[in-house]
Amino acid sequence: MEVLFDNQDVLSIDSGDAHSFVVKKDGTVFSWGINICGELGDRSTKENYKPAKINNLSGVVDAEAGSRFSIILKDDGTVWAWGKNDYGQLGNGGTEDQLEPQQVFSPKSN
């Protein structure tokens with residue numbers, strides 16, 4: 001089995017119902033698992049059984065995998081979310097699923 005992450009590189013991990021994340025110390029994020037509602041953040045709904053980097057996402061300090069949705073905190077204080085949104089759980093004011101990270105909070109928007 002190929003080792004994809006060195007324990008010196010990993011900042012945090014999290015898993016939801018059927019998808020998981022690794023946040024690396026360099027602020028990049030890798031996701032894998034089921035992807036029915038876009039919870040992997042890769043602009044698709046295709047399942048992925050190996051960790052894949054979420055493109056155009058950097059400066060991440062924490063990632064949380066919910067029930068078919070995902071949310072991250074970046075080092076600039078912004079919050080980004082994607083995936084299932086039928087109850088408005090992404091916090092973007094709508095109920096449409098999102099297939100890629102969308103900024104939903106900025107500390108300057110208070």
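Just so you know, these numbers come straight off a predicted model, no measurement behind them. Keep in mind that the numbers below use all heavy atoms, side chains included, and drop hydrogens, waters and symmetry copies.
One hydrophobic cluster holds both Val23 and Trp82 under the rule that ILVMFWY side chains link at heavy-atom gaps under 4.5 Å. Criterion: ILVMFWY side-chain heavy atoms under 4.5 Å apart, direct or through other members. Under it, Phe105 and Leu73 are part of a common hydrophobic cluster. A single hydrophobic cluster is not seen to contain both Phe21 and Val10; linkage of ILVMFWY side chains at heavy-atom distances under 4.5 Å, directly or through other members, places them apart. Clustering ILVMFWY residues whenever any of their side-chain heavy atoms sit less than 4.5 angstrom apart, transitively, puts Ile13 in a cluster other than the one holding Val29. Residue Phe30 is not grouped with residue Leu99 when hydrophobic side chains (ILVMFWY) are merged at heavy-atom distances under 4.5 angstrom, including chains of intermediate members.
Taking both residues in full, the closest heavy atoms of Leu90 and Gln98 are given as CD1-CG, 3.7 Å, listed atom of the first, atom of the second, then distance. Across all non-hydrogen atoms, the minimal contact from Pro101 to Gly41 is CD-O, 3.6 Å.
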Pair up each side-chain donor or acceptor in residues 52-72 with any protein partner under 3.5 Å, not counting sequence neighbours, and list the distances.
{"from": "Ser67", "atom 1": "OG", "to": "Asp17", "atom 2": "OD2", "distance (Å)": "2.6"}
{"from": "Ser70", "atom 1": "OG", "to": "His19", "atom 2": "NE2", "distance (Å)": "3.0"}
{"from": "Ser70", "atom 1": "OG", "to": "Glu39", "atom 2": "O", "distance (Å)": "2.7"}

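For the atom pair NZ of Lys24 and CG of Asp9, the computed distance is 4.5 Å after rounding to the nearest 0.5 Å.
The other residues sharing a hydrophobic cluster with Ile36 are Ile34, where clustering joins ILVMFWY side chains under 4.5 Å apart.
For Ser31 (side chain) and Leu40 (main-chain N/O), a donor-acceptor pair under 3.5 Å exists by modelled atom type. Under a 3.5 Å cut-off, the side chain of Lys74 and the backbone N or O of Val79 do not form any donor-acceptor pair. Side-chain atoms of Asn35 come within 3.5 Å of backbone N or O of Ser44 as a donor-acceptor pair.
Residues that satisfy the salt bridge (charged side-chain N to carboxylate O under 4.0 Å, His left out) test with Lys46, not counting sequence neighbours, are absent from this structure.
Between the side chains of Asn85 and Asn92, at least one donor N or O lies within less than 3.5 Å of an accepting N or O.
Within the 4.5 Å cutoff, side-chain heavy atoms of Pro107 are placed close to those of Thr78.
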